[in-house]
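Residue numbers begin at 1 in each chain, while the letters A, B, ... track the order of the sequences. In this text the structure is predicted, and so the values were computed from the model without any measurement.
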Amino acid sequence: MQINTRATIRPTLAVILMDNDHTSIADVKLPGNQGKEVRLRGWIYRTRGSNRMLFIVLRDSTDIIQCVGSRDDLGEVVFDTARALNIESSISVHGKLNQDSRAPGGYELHLSAVEPVSPAERFPITKDQSEEFLRDNRHLWLRSRKMNAVLKVRSTVTGAIHDFFRSRGYYEFTPPILTPNAAEGGSTLFEVKYYDRKIYMTQTWQLYAEAAIFSLERIYDVSPTFRAEKSKTSRHLSEFWMAEMEAAWMGYREAIEVANQEIKFIIARVLERNRSELEILEADASRLEPLLSREWPVITYTEALEILKEKKMEVTWGKDLRTIEEEALMENFDTPVTVIQYPKEAMAFYKPVEENANAPGPVAKCFDMLAPEGYGEIIGGSERDTDISSISKALEKEGEKVENYDWYLDLRRYGSVQHSGYGVGVERLIAWICKLENIKDAIPFPRTLTRVTP
RNA sequence: GCCGCAGUAGCUUAGUUGGCUAGAGCGUACGGCUGUUAACCGUAAGGUCGCCGGUUCGAAUCCGCCCUGCGGCGCCA
């Protein structure tokens, strides 16, 4: 019998459809399949039942469906075998699809056959688990509806980043992961034994990106980043992914425009492809929909301080904004906000001074994008200083050896041009979109100050 | 680096003016139930109360040290 399927963007589904015998659960639930005989395969998500009736909630990568069997329909042996199967046993089933209001999701399969593929031992994850226990068992928790949904959104997000930049003429450029020295303050780098000497895990692609724009002009990447900051918060990871861009002939104002378009593009793509995942995650899509048609504010650091002053939070001009201040600031907004022109003093060596600013002191051509709902900084970016003497001065002030940056300064010696770039914290973006309480759930296997397993 | 919270069965936990054999739910095993919604009913197994030391007639409970984890700050994406 012919089963209705649909052309789909989900790659997992395409693989499943290559099998002539089995149908995916998502496809079987499409309209017009009621009353048809189908074969499904997957893993047992829940079981319930009595001596005569058996309920198996089956899951595959696409969805879940309730399967019902009776002792009469299945026969003594099959019924008792099926009844004894543990959660997460892999099985293949055959049956007739019906709509039934009693079934979760409205559909259920009336079983005529249940074939165990590989029975599972007792699954360690049951009702009532702590976040900590689930992270200890992340290799198994990946099967949960929550992690399944997050991972699908994550795939959409990174895919959207590639599509966004490639469709605008950017090249993907991959930086080295192992680097000889720091880009911003050496204390936060992981050391690696490299033959007979020490090198470091990268914490940004930026210096290498600045070299590459003189060849490719506009580039982007999505790659891992390592920070040995001893941060123990729900917003920090030791290993995380950054989606960065770097563009020649571009000022920071234009980079902000690109950043706004990029985030809107990603959100639009998630809304287009991951409605049901957002529902599973209880991350209301109506939080995100209105953002697409609105203009996202850009304010200066100095203006931010004025807003904070109205909230009776006095910040001395020149100090970087702290988490509490960012949170207080964002109470005034329900879209992402970009804060520009932070004090030059508080900024990294490569951020140039903005001469045309109306501010009490020197400010940099830089910006941070803050997400609403308390998710904090998701983007940091700036124009890059092209003046060798001011870079050298700033490096010395940070306690860096200028000679370590010799090749970086070379980039200013051979046909330097104005250029800018920024980096998106991929997990922070995903955490916001999926409304996650902890960034550790935005990545499959989180690495933190205390966790390296599984 | 600083501050706070926590550690009792496989999991989630109750248990302080210190006091009988440390309770419960889930899960597991066995039995029962024709439609369940992380079902329900019955029976059973399962605990060095994080470690070490101290106070006491008596410590899961009070004190000290340590270990482990979580979160907040700082720093950042």
Side-chain angles (χ1 to χ4, degrees), chain A residues 44-57 64-73 79 83-84 86-87 98 100-106 108 110 121-137 140-141 144-145 183-185 187-189 203-206 222-244 259 319-327 342 346-348 367-371 375-381 422-432 437-440 442-443 448-451:
Chain A
I44 296 178
Y45 184 66
R46 300 277 184 266
T47 58
R48 296 177 283 270
S50 68
N51 196 28
R52 301 229 150 260
M53 296 292 288
L54 169 70
F55 299 90
I56 293 174
V57 179
I64 61 173
I65 191 169
Q66 175 166 285
C67 306
V68 197
S70 67
R71 190 177 282 279
D72 292 342
D73 291 345
F79 184 89
R83 183 101 170 79
N86 283 331
I87 283 174
N98 282 320
D100 194 312
S101 58
R102 291 172 295 187
E108 65 181 17
H110 281 258
E121 295 176 23
R122 185 186 68 77
F123 200 60
I125 299 173
T126 61
K127 189 181 166 183
D128 296 331
Q129 317 89 343
S130 61
E131 292 297 306
E132 196 46 31
F133 180 77
L134 295 177
R135 283 178 204 136
D136 286 340
N137 291 282
L140 301 175
W141 186 237
S144 67
R145 297 204 89 195
E184 13 185 332
S187 62
T188 63
L189 289 162
Q203 63 174 3
T204 172
W205 83 325
Q206 186 192 319
V222 185
S223 64
T225 299
F226 306 88
R227 301 264 168 101
E229 294 158 359
K230 296 192 172 173
S231 306
K232 290 179 283 187
T233 80
S234 55
R235 299 182 310 279
H236 288 86
L237 293 165
S238 299
E239 175 186 286
F240 64 97
W241 289 67
M242 276 230 274
E244 296 159 289
K319 292 204 162 188
D320 205 350
L321 294 180
R322 297 176 302 165
T323 306
I324 1 164
E325 284 129 21
E326 286 182 354
E327 279 173 7
Y342 285 80
M347 294 292 114
F367 63 98
D368 281 353
M369 187 188 286
L370 307 176
Y375 283 90
E377 189 179 337
I378 53 170
I379 292 181
Y422 63 83
V424 178
V426 172
E427 285 76 17
R428 285 191 181 173
L429 177 61
I430 292 168
W432 168 45
E437 280 180 16
N438 198 310
I439 197 168
K440 297 181 186 78
I443 190 167
T448 68
L449 185 58
T450 52
R451 176 177 292 285

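Atom CG in D72(A) sits about 14 Å away from atom C1' in G35(B), given to the nearest Å. The distance between atom CZ of R428(A) and atom C1' of A77(B), rounded to the nearest whole Å, is 5 Å. Distance OH (Y342(A)) to C1' (A77(B)): 12 Å, rounded to an integer number of Å. Counting to the nearest Å, the P atom of G71(B) and the NE2 atom of H236(A) are 12 Å from each other. The distance between atom CZ of R135(A) and atom P of C70(B), rounded to the nearest whole Å, is 8 Å. Between N51(A) atom CG and C41(B) atom P the separation is 18 Å, expressed in whole Å. Distance R83(A) CZ to A29(B) C1': 14 Å, rounded to the nearest Å. At whole-Å resolution of the value, CG in L449(A) and C1' in G69(B) are 11 Å apart.
Taking the P atom of each, A9(B) and U56(B) are spaced 30 Å apart, rounded to whole Å. Here, C57(B) and C52(B) have their P atoms 23 Å apart, quoted to the whole Å. Nucleotides G64(B) and A6(B), compared at atom P, are 15 Å apart to the nearest Å. Distance noted for atom C1' between C40(B) and U34(B): 14 Å (whole Å). Atom name P, nucleotides G53(B) and G74(B): the rounded distance is 41 Å, in whole Å. Going from the C1' atom of A22(B) to that of U61(B) covers 12 Å, rounded to whole Å. Separation of the C1' atoms belonging to U17(B) and C62(B) is 12 Å when rounded to the nearest angstrom. On the C1' atoms, U16(B) is 27 Å away from C26(B), given to the nearest whole Å.
Using modelled atom types, one finds no donor on one side chain facing an acceptor on the other under 3.5 Å when comparing S234(A) with E437(A).
N438(A) comes within contact range of the sugar-phosphate backbone alone, with a heavy-atom separation under 4.0 Å but no base atom that close. Nucleic acid contact for D368(A): none, since no nucleic acid atom lies under 4.0 Å from a heavy atom of the residue. Looking at heavy-atom distances under 4.0 Å, T450(A) makes contact with sugar-phosphate atoms alone, never a base. Contact annotation for K440(A): backbone-only contact, meaning every heavy-atom pair under 4.0 Å involves sugar-phosphate atoms and none involves a base. When heavy atoms are screened at a 4.0 angstrom cut-off, R235(A) is found touching base atoms of the nucleic acid. Residue G380(A) is in sugar-phosphate contact alone, with no base atom involved, counting any heavy-atom pair closer than 4.0 Å across all strands shown. L237(A) comes within contact range of at least one nucleobase, with a heavy-atom separation under 4.0 Å. Among the protein residues, E108(A) comes within range of the nucleic acid bases, having at least one heavy atom under 4.0 Å from a base atom. Nucleic acid contact class of M242(A) (heavy atoms, under 4.0 Å, all strands): sugar-phosphate only.
Side-chain atoms of N137(A) come within 3.5 Å of backbone N or O of F133(A) as a donor-acceptor pair. Checking side-chain atoms of R428(A) against main-chain N and O of R235(A) turns up a donor-acceptor pair under 3.5 Å.
Looking at E229(A), its side chain has no donor and acceptor atom pair within 3.5 Å of the base of G1(B). For C76(B), the base has no donor-acceptor partner in the side chain of R322(A) [N/O atoms by modelled type, under 3.5 angstrom]. Donor-acceptor pairing under 3.5 Å, judged by distance alone, is absent between the side chain of T323(A) and the base of C73(B). Side-chain N/O atoms of R52(A) and base N/O atoms of U34(B) include no donor-acceptor pair closer than 3.5 Å.
Considering only heavy atoms from C-beta on, I125(A) comes within 4.5 Å of L134(A) through its side chain. Using a 4.5 Å cut-off on side-chain heavy atoms (C-beta onward), T448(A) and K232(A) make no contact. The side-chain heavy atoms of Y342(A) and D368(A), taken from C-beta on, include a pair separated by under 4.5 Å. A 4.5 Å side-chain heavy-atom check between R451(A) and D136(A) finds at least one atom pair inside the cut-off.
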Polar atom pairs (N or O), protein with nucleotides 9-12 of chain B, under 3.5 Å:
| from | atom 1 | to | atom 2 | distance (Å) |
| --- | --- | --- | --- | --- |
| C11(B) | O2' | D128(A) | O | 2.5 |
| U12(B) | OP1 | S130(A) | N | 3.3 |
| U12(B) | OP1 | S130(A) | OG | 2.3 |
| U12(B) | O4' | D128(A) | O | 2.8 |

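G35(B) has no base stacking with the ring of F55(A) when judged by centroids under 5.5 angstrom apart and an interplanar angle below 30°.
Residues meeting the side-chain contact (heavy atoms from CB on, under 4.5 Å) test with I87(A), sequence neighbours left out: F123(A). With sequence neighbours excluded, the residues that form a salt bridge (Lys or Arg N to Asp or Glu O under 4.0 Å) with D100(A) are R102(A). For E327(A), there are no side chain to side chain donor-acceptor pair (under 3.5 Å) partners two or more places apart in sequence or in a different chain. R122(A) pairs by the side chain to side chain donor-acceptor pair (under 3.5 Å) definition with nothing, not counting sequence neighbours.
Between C75(B), G35(B), G71(B), one nucleotide has an atom nearer to the side chain of H110(A) than all others, and that is G35(B).
Of the side-chain N and O atoms in S234(A), one or more sit less than 4.0 angstrom from OP1 or OP2 of G72(B). Taking side-chain N and O atoms only, K230(A) has a distance below 4.0 Å to OP1 or OP2 of G1(B). Taking 4.0 angstrom as the limit, R71(A) places none of its side-chain polar atoms (N or O) nearer than this to OP1 or OP2 of C33(B).
Shown here for I378(A) and A371(A), the closest heavy-atom pair between the two residues is CG2-CB, 3.9 Å.
Of the candidates I443(A), I430(A), L429(A), W241(A) forms a side-chain contact (heavy atoms from CB on, under 4.5 Å) with just one, namely I443(A).
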Subject >> Intra- and interstrand pairs of RNA chain B - dot-bracket, Watson-Crick/G-U under 3.5 Å, | marks other strand >> reply: ((((((((.[[[[.)...(...]]]].(((((.......))))).....[.[[[..)....]]].])))))))....
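Along RNA chain B, the nucleotide nearest to G425(A) and the one nearest to E327(A) differ in position, and the one closer to the 5' end is contacted by E327(A).
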